[in-house]
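A quick write-up on the structure given underneath.
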Amino acid sequence: MTTEIEGAPVPDRLLRLAEVRHRVGLGKTMIYAMIGEGRFPRPYKITPAAARWSEREVEAWIAVVTRAVSTPS
């Protein structure tokens, strides 16, 4: 999701796991399994105990998945 305010790009938000789970409709175990398989964006470790996901990367993943589902094989 790329948005701009008066020509300046809006900074990327960092999402907590709870927000990522809500947006994608998957549980923690499935999200981490898909990360391990390279099928979901990796979180950024912002402290030793805190990980956050890029909102843009999560939104891009959702767009790819929904396109794949809506495009017949």
Side-chain angles (χ1 to χ4, degrees):
M1 174 192 314
T2 305
T3 56
E4 293 189 4
I5 297 176
E6 297 181 23
V10 174
D12 193 14
R13 287 185 56 223
L14 296 176
L15 306 174
R16 292 175 174 236
L17 177 60
E19 178 65 20
V20 173
R21 289 178 56 207
H22 176 75
R23 289 189 185 201
V24 302
L26 298 172
K28 175 182 175 180
T29 303
M30 180 59 73
I31 289 170
Y32 277 101
M34 291 176 71
I35 290 168
E37 297 167 357
R39 299 185 316 140
F40 195 81
R42 289 191 166 282
Y44 294 91
K45 290 293 283 181
I46 59 173
T47 71
R52 301 291 186 267
W53 282 260
S54 160
E55 181 177 42
R56 287 184 188 139
E57 291 175 10
V58 172
E59 292 294 328
W61 180 87
I62 292 169
V64 167
V65 170
T66 56
R67 257 193 312 263
V69 170
S70 65
T71 305
S73 300

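- Listed by chain and residue number, Ala49, Ala50 satisfy the side chain to side chain contact (heavy atoms under 4.5 Å, CB included) test with Thr47 (two or more places apart in sequence, or in another chain).
- Proximity of Trp53 to Leu14: side-chain heavy atoms (C-beta onward) are nowhere separated by under 4.5 Å.
- Residues passing the salt bridge (charged side-chain N to carboxylate O under 4.0 Å, His left out) test with Arg13, sequence neighbours excluded: Glu55.
- Under the side chain to side chain contact (heavy atoms under 4.5 Å, CB included) criterion, Arg16 pairs with Arg52, not counting sequence neighbours.
- To the nearest 0.5 Å, the span separating CZ on Arg21 from CD1 on Ile31 amounts to 7.0 Å.
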Please table the atom pairs, donor to acceptor, closer than 3.5 Å between any side-chain atom in residues 32-40 and protein atoms at least two apart or in another chain.
from	atom 1	to	atom 2	distance (Å)
Glu37	OE1	Arg39	NE	2.7
Glu37	OE1	Arg39	NH2	3.1

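- Put simply, Val20 and Tyr44 are part of two different groups of oily side chains (I, L, V, M, F, W, Y) that touch within less than 4.5 Å, one to the next.
- A donor-acceptor pair is defined here as one N or O able to donate and one able to accept, closer than 3.5 Å; no such pair exists between the side chain of Asp12 and the backbone of Ser54.
- The pair Arg42-Glu57 fails the salt-bridge criterion, with no side-chain N (NZ, NE, NH1 or NH2) lying under 4.0 Å from an Asp/Glu carboxylate O.
- With contacts defined as side-chain heavy-atom distances shorter than 4.5 Å, the pair Glu19/Val58 does not qualify.
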